[in-house]
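Structure first, then comments.
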There are 2 protein chains.
Amino acid sequence: MPSWETPPDQLPPVAAVQKLLRALADPVRLEMVRRLATHPAGEAPCSDLYEGLNKSTATHHFKILVEAGILHPVMVGPSRGHRLRRTALQQAVPGLLDALMGALAREG
Amino acid sequence: MPSWETPPDQLPPVAAVQKLLRALADPVRLEMVRRLATHPAGEAPCSDLYEGLNKSTATHHFKILVEAGILHPVMVGPSRGHRLRRTALQQAVPGLLDALMGALAREG
DNA sequence: CTCCAAGTTTGACGAACATCGTACTTCTCC
DNA sequence: GGAGAAGTACGATGTTCGTCAAACTTGGAG
């Protein structure tokens with residue numbers, strides 16, 4: 001994987017709806033996205049996005065989210081992290097992220 | 001299961017976001033919902049909602065969608081069918097269904 | 001009443017998936 | 001440069017999930 005920082009704006013395209021849903025349908029990954037979405041900067045170091053998980057398991061989930069086009073690996077300060085691809089996601093499935101995050105916030 | 005027709009408006013509540021996503025994350029089930037959503041009446045007999053599947057497999061998927069609160073088993077004419085719980089769904093996760101169906105229509 | 005079509009239930013099987021431990025890479029900081 | 005933290009890659013493992021086949025149920029049509 002890129003020892004170099006983040007690739008330019010030529011990121012992998014956002015996946016099809018079915019694959020997106022699959023990526024979001026896991027509690028761990030949904031929580032990762034939720035934390036990232038509530039983060040004001042829209043990005044955070046890896047370790048801020050999960051708890052009580054083995055590191056390798058976390059990496060596994062990150063990979064799935066990246067391959068779905070939901071996350072974008074970046075360097076955040078000294079360590080690695082991820083950014084939520086809000087605009088790309090909004091363009092692919094307008095309203096999806098807002099709908100999900102709104103409902104999540106509502107259901108506590 | 002109810003040999004009698006559809007229960008009154010006291011339907012099971014729509015499930016939490018995570019369970020909803022899980023229910024929709026399968027290609028077969030997503031197609032079922034898509035067909036139902038495009039159906040003008042918002043309801044259709046079971047056999048109109050899938051193809052190339054064993055009947056028992058279809059029943060399995062229907063059960064998951066019903067338990068998630070997405071579908072509502074009804075009698076449609078002589079045979080059984082399902083209705084899409086649009087309003088309940090819209091109340092639980094506003095915009096979700098529209099976002100998904102819009103994207104599906106767009107991606108062919 | 002009997003037969004048939006349409007769904008459901010149950011059980012079994014194979015594939016996909018989440019999780020972990022360990023070893024390896026690659027940074028940063030001293 | 002070396003030590004250590006932070007992630008990643010790789011197997012291995014147990015569980016969940018989608019699928020089917022066969023037996024049962026139910027509602028209508030003849």
Side-chain angles (χ1 to χ4, degrees), chain A residues 1-7 12 15-16 18-36 39 43-68 70-83, chain B residues 1-7 12 15-16 18-36 39 43-68 70-83:
Chain A
M1 259 303 136
S3 58
W4 258 120
E5 298 198 8
T6 63
Q18 204 270 312
K19 189 168 180 180
L20 275 180
L21 290 173
R22 232 163 145 58
L24 294 170
D26 182 274
V28 173
R29 295 194 289 266
L30 190 58
E31 170 69 7
M32 285 169 166
V33 173
R34 194 195 63 78
R35 292 197 185 188
L36 218 39
H39 227 73
E43 69 179 32
C46 292
S47 44
D48 284 19
L49 299 176
Y50 66 93
E51 266 163 24
L53 263 183
N54 194 314
K55 281 188 298 181
S56 54
T57 305
T59 299
H60 168 69
H61 287 301
F62 282 132
K63 173 182 282 191
I64 291 178
L65 287 171
V66 169
E67 282 174 349
I70 298 171
L71 261 46
H72 173 190
V74 297
M75 286 307 258
V76 62
S79 55
R80 298 178 191 199
H82 287 272
R83 167 177 299 153
Chain B
M1 260 299 138
S3 59
W4 257 121
E5 297 196 7
T6 64
Q18 205 268 312
K19 190 168 180 180
L20 275 181
L21 289 173
R22 232 159 140 53
L24 294 171
D26 182 275
V28 172
R29 296 194 287 267
L30 190 58
E31 170 68 8
M32 285 169 166
V33 172
R34 193 194 63 79
R35 291 195 186 190
L36 219 38
H39 227 73
E43 69 179 33
C46 291
S47 44
D48 285 20
L49 299 176
Y50 66 93
E51 267 163 23
L53 263 185
N54 193 313
K55 283 188 296 181
S56 55
T57 305
T59 300
H60 168 70
H61 288 302
F62 281 132
K63 174 182 279 192
I64 291 178
L65 287 171
V66 168
E67 281 174 350
I70 298 172
L71 262 46
H72 173 192
V74 296
M75 287 305 257
V76 63
S79 54
R80 299 181 191 195
H82 287 273
R83 168 178 298 152

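Note that these values count all heavy atoms, side chains included, but never hydrogens, waters or copies made by symmetry. Throughout, protein chains are lettered first and strands after them, A, B, ... in sequence-line order, and every chain is numbered starting at 1.
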Query raised in the report: Does A:Arg35 come within less than 4.0 Å of A:Glu31, counting only side-chain N to carboxylate O?
Result: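 A:Glu31 and A:Arg35: salt-bridged.
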
Report task. Let me have a per-nucleotide readout for nucleotides 12-20 of chain D, 5' to 3', with B, S or -, counting only protein heavy atoms under 4.0 Å. Result -> ----SSSBB

Requested in this report: Could you verify whether a donor N or O on one side chain and an acceptor N or O on the other, from B:His72 and B:Arg83, lie under 3.5 Å apart?
Outcome: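 The criterion, which ignores hydrogens and geometry beyond distance, is not satisfied for B:Arg83 and B:His72.
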
Find the distance between [atom1] ([X]) and [atom2] ([Y]) and round it off to the nearest 0.5 Å.
X: B:Lys19; Y: B:Leu21; atom1: NZ; atom2: CG; answer: 13.0 Å
X: A:Arg29; Y: A:Ile70; atom1: CZ; atom2: CD1; answer: 8.5 Å
X: A:Leu20; Y: B:Leu24; atom1: CG; atom2: CG; answer: 12.5 Å
X: A:Leu30; Y: A:Met32; atom1: CG; atom2: CE; answer: 11.0 Å

Report task. In whole angstrom, give the distance that lies between atom CD of A:Glu67 and atom P of C:dA16. Result ->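 After rounding, the reported distance stands at 15 Å.
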
Query - Separation of C:dC17 C1' from A:Leu65 CG (nearest whole Å) - result: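 These atoms are roughly 14 Å apart.
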
Protein N or O to nucleotides 1-7 of chain D N or O, pairs below 3.5 Å:
{"unit_1": "D:dG7", "atom_1": "N7", "unit_2": "A:Lys55", "atom_2": "NZ", "d": "3.1"}

Query raised in the report: Do A:Val74 and A:His82 touch side chain to side chain, with heavy atoms closer than 4.5 Å?
Result: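 The answer is no; the side chains never approach within 4.5 Å.
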
Query raised in the report: Just wondering, do B:Leu49 and B:Phe62 contact through their side chains at under 4.5 Å, heavy atoms?
Result: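 With C-beta onward as the side chain, the pair touches.
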
Query raised in the report: Taking all atoms of both residues into account, what is the closest heavy-atom pair of B:Ala25 and A:Gln18, and its distance?
Result: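 Where B:Ala25 meets A:Gln18 most closely, the heavy atoms are O-NE2, 2.6 Å.
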
Report task. Report the end-to-end axis angle of the helix from C:dC1-D:dG30 to C:dC30-D:dG1; each axis comes from five terminal pairs, and the value is rounded to 10°. Result ->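 End-to-end axis angle: 30°.
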
**Report entry** Short side-chain to backbone donor-acceptor contact, A:Arg80 and A:Met75, under 3.5 Å
**Finding:**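 A pair under 3.5 Å: no.
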
